[in-house]
Amino acid sequence: MRHDLPPAGLAARPKLQGGAGALVLCGAIAVLYFTREILIPFAFALTLTFLLTPVVALLERLRIGRVVAVLATILVATVSAGGIAWLIASQLVDVANQLPLYRQNIHAKIEAFHVPVTGQLGRAAASVQEVVRELTIPGAAPPASPPPGSNRKRPDAPAAAASPTPVRVVQSPASGWTELRDLGTPVLAPLGRAGIVFIFTVFMLFKREDLRNRLLRLVGLGQLNLMTQAIDDASGRVSRYLLMQFLVNASFGTLFGFGLYCIGVPDAALWGAVAGILRIVPYVGTLVAATLPLALSLAVFDGWLRPLLVLLLVAGLELILANFVEPWLYGTHVGISSLALLVTSVFWAVLWGPAGLILSTPLTVCVVVLGRYVPQLSFLHILLGDEPALAAEAQIYQRLLAMDQAEAHTIVGEFLKGRPLIELYDQVLIPALSMAEQDRHKGAIDAAREEFLFLTINEMIAEFSEYQLADSSSEVDSALVTDAAERLNHRILCLPAHDRADEITAAMLAQLLEQKGFPTLSFSVGPSPNEWLAFMEAGPGDIVCISTLPPYAFAPARAMCKQIRERFPKLKVVVCVWGFSGDIVKAKARFERAQPDRLATSLVEALEQVQELVRPIPEAIPEAIPMIA
């Protein structure tokens, strides 16, 4: 997905480099790790705040006070979560009590996994067991130890003292308080964390405007616009992610429960609800949710068909959702690439454990937004975001530098889907040629790659000579409405100003003009412009289009325009400075006395201006005011 361009002042490339950047990154990771006992409840509370804020805001719009709205929302959410947990726990207890009824099937399944005693596999297993037995059983018994106290070298010596009795430390029985502490710690620790999350959530819901204002004040009053956009962007992305995750998990649980019901697994609705809830934990939750009904199907059913169907059901649903539905939904509404989601899930799981795995996507969303709006951290947005890392023109240029013609054609084909040819030339190939010209003038491109680049683009232009977009309705087509006879009276002479890149862009313009029905001549680069002028016989209605490409575009274009003016004073001249973004009036003034009739910066403008020179648009004539008798 391509998001809107970042607002003014945002960085387009990473600026945190070198040792300082690595030091800051390592310091941030260390802080996240050593303060995780505080940050994990805070992150959970922040996520719940994003989830519950729309409900609180809705109640406030209904003229309910902030205190009542927050308490009611928290109470309903807590009772709902507790009720669902109680129902699921009671159902699981009932399922566990019914397992002894399937003892025979369970025993049969366990026996099926035993190593066979017949056949090649059974003989191989028996051979391995025999070898292990020979290696572990000694061949001879160890010599008997002498009786305690005897001396074999001196039998007449006095008997030595017997070995001391080993001492064993026996701990005193634990008190009742100690046993209660040992039993309650595994229960009280999660309850304590849940209480911290509850307190943080209530406080954030009560004071959300105050927290927002303090954050803005901390950043600085000069960054209010930027931080407002960042907060809105982060809250919108996290809220959309939570909504999308709820819909996806609910759909997974519904389909999974329905599939189990069709297979015949008992308590199918229970397993569907458990799967939908456990899927909150990325990757691991689905495996745990699938294990329970799979084990139950092994215990309940005699054969292997229905357990296999359960396995295929969960695998099929997960493959479809994880590979098609979730990348489309999350990529569209969250702005994180699929690979980044996987990598960051592992990172947060290693850093914060299971809590980090649950919070991985909301935390990554905040990191991506931070990288988008903070110039020093823009590398995070580039690495984790779903926006293309390279524009189409940069991809084409890089592939041509690598002499990879096949992938360059693939990129061009993908760009052309549903687009007119003029967009490919204006937005991709001409900018790529401009990048090549800049590198060539700096001496950063060798002759072999330069020749390969020019030849490949020339081949592309030749292949597109018959390209026409079906049902095209572009503005250029609507502007170029001219009688065929009128077009034939005007030849368009496309001249390159200086080098091969100018020659290629002149060929692009000539090709587009030909497709519009104009008689066109395209010239190649020669030793000198005087050779063209010596053989060129321009008529009164002809138009010359001089094609030139930055960075050194105006000097050769001015020289050629001057020579044309001297030889053909009445000839109409259009100078095309591709990609020029400056003031057109000042640019035309740089031509001094040899100013062109028109100056274009893109192929769209060039086609429109040629049309105006061929058939000038008449000035609007005011309607006559009827006279009142």
Side-chain angles (χ1 to χ4, degrees), residues 2 5-6 10-15 17 378-379 381-382 387-416 419-464 494 496-512 524-525 545-557 575-582 587 599-606:
R2 296 184 66 91
L5 292 177
L10 299 188
R13 59 178 183 271
K15 296 184 178 180
Q17 300 176 353
S378 59
F379 70 96
H381 182 251
I382 295 174
E387 297 179 3
L390 290 176
E393 63 270 18
Q395 294 182 46
I396 287 287
Y397 181 52
Q398 193 274 332
R399 286 294 85 199
L400 293 179
L401 287 179
M403 297 186 176
D404 188 351
Q405 189 177 22
E407 188 171 349
H409 279 275
T410 301
I411 297 171
V412 169
E414 289 293 329
F415 185 88
L416 264 182
R419 298 184 181 180
L421 186 61
I422 193 170
E423 289 189 15
L424 173 68
Y425 289 166
D426 260 339
Q427 300 178 20
V428 179
L429 293 186
I430 290 180
L433 283 171
S434 181
M435 297 170 66
E437 281 293 281
Q438 293 177 9
D439 287 345
R440 187 176 69 86
H441 285 290
K442 291 186 295 186
I445 180 173
D446 57 81
R449 284 181 169 80
E450 178 185 350
E451 184 66 21
F452 179 82
L453 184 143
F454 289 150
L455 288 176
T456 303
I457 295 181
N458 269 326
E459 290 179 3
M460 291 180 182
I461 297 173
E463 292 175 0
F464 296 139
C494 298
H498 180 60
D499 53 18
R500 291 278 301 278
D502 298 339
E503 177 185 329
I504 293 175
T505 53
M508 294 178 187
L509 177 59
Q511 184 185 78
L512 294 173
S524 60
V525 177
C545 295
I546 301 174
S547 181
T548 182
L549 197 65
Y552 302 106
F554 284 95
V575 174
C576 304
V577 186
W578 309 116
F580 179 71
S581 58
L599 194 145
T601 60
S602 66
L603 288 169
V604 173
E605 291 183 6

query: So, do E437 and D499 sit near enough that their side-chain heavy atoms are less than 4.5 Å apart?
result: yes
- prompt: Which heavy atom of T548 sits nearest a heavy atom of A553, and at what distance?
  reply: OG1-O, 3.0 Å
message: For a quick test of reading the model, state the closest non-hydrogen atom pair linking R500 to N458 and the distance between them.
response: NH2-ND2, 4.2 Å
- line: Distance col, row Y397:OH vs I411:CD1, nearest 0.5 angstrom, shows 14.5 Å
message: Name the residue from T601, L509, L549, I546 that meets the side-chain contact (heavy atoms from CB on, under 4.5 Å) definition with C576.
response: L509
task: Identify the two heavy atoms, one from V575 and one from A557, that lie closest to each other, and give their separation to 0.1 Å.
output: CG1-CB, 4.2 Å
task: Measure from the side-chain N and O atoms of Q395 to the backbone N and O of L390, and report whether any donor-acceptor pair falls under 3.5 Å.
output: yes
query: Do other residues, nucleotides or ligands put more than 12 heavy atoms under 6.0 Å from Y552 OH?
result: no
task: Applying side-chain contact (heavy atoms from CB on, under 4.5 Å), run through I396 and M435 and close with a yes or a no.
output: CA-CA 11 Å; I396 287 287; M435 297 170 66; over 6 Å; no
- request: Could you tell me the separation between the CG atom of L599 and the CZ atom of F554, rounded to the nearest 0.5 Å?
  value: 6.0 Å
task: Specify the closest pair of heavy atoms between P556 and H498, including all atoms of both residues, with the distance to one decimal.
output: CB-CB, 3.8 Å
statement: In short, V428 meets A392 closest at the heavy-atom pair CG2-CB, 3.9 Å
message: Using 0.5 Å steps for rounding, measure from the CD atom of E423 to the CZ atom of F415.
response: 6.0 Å
statement: CG (L401) and CZ (R399) are apart, to the nearest 0.5 Å, by 9.0 Å
field: Pairwise distance CG(L416) to CZ(F464) - rounded to 0.5 angstrom
entry: 5.0 Å
- prompt: Just by modelled atom types, is the I461 backbone N or O under 3.5 Å from a matching donor or acceptor in the Q511 side chain?
  reply: yes
message: Donor-acceptor pair, distance only, cut-off 3.5 Å: does the side chain of D426 make one with the backbone of L603?
response: yes
Residue pair L433 / L453, side-chain heavy-atom distance below 4.5 Å: yes
- prompt: Which atom names give the shortest non-hydrogen contact between E393 and Q427, and what distance separates them?
  reply: OE1-O, 3.3 Å
- request: State, yes or no, whether a side-chain contact exists between L429 and I504 at a heavy-atom distance under 4.5 Å.
  value: no
message: Quick check: do F454 and E503 have side-chain heavy atoms less than 4.5 Å from each other?
response: no
message: Working to the nearest 0.5 angstrom, can you tell me the gap between T456 OG1 and E451 CD?
response: 9.5 Å
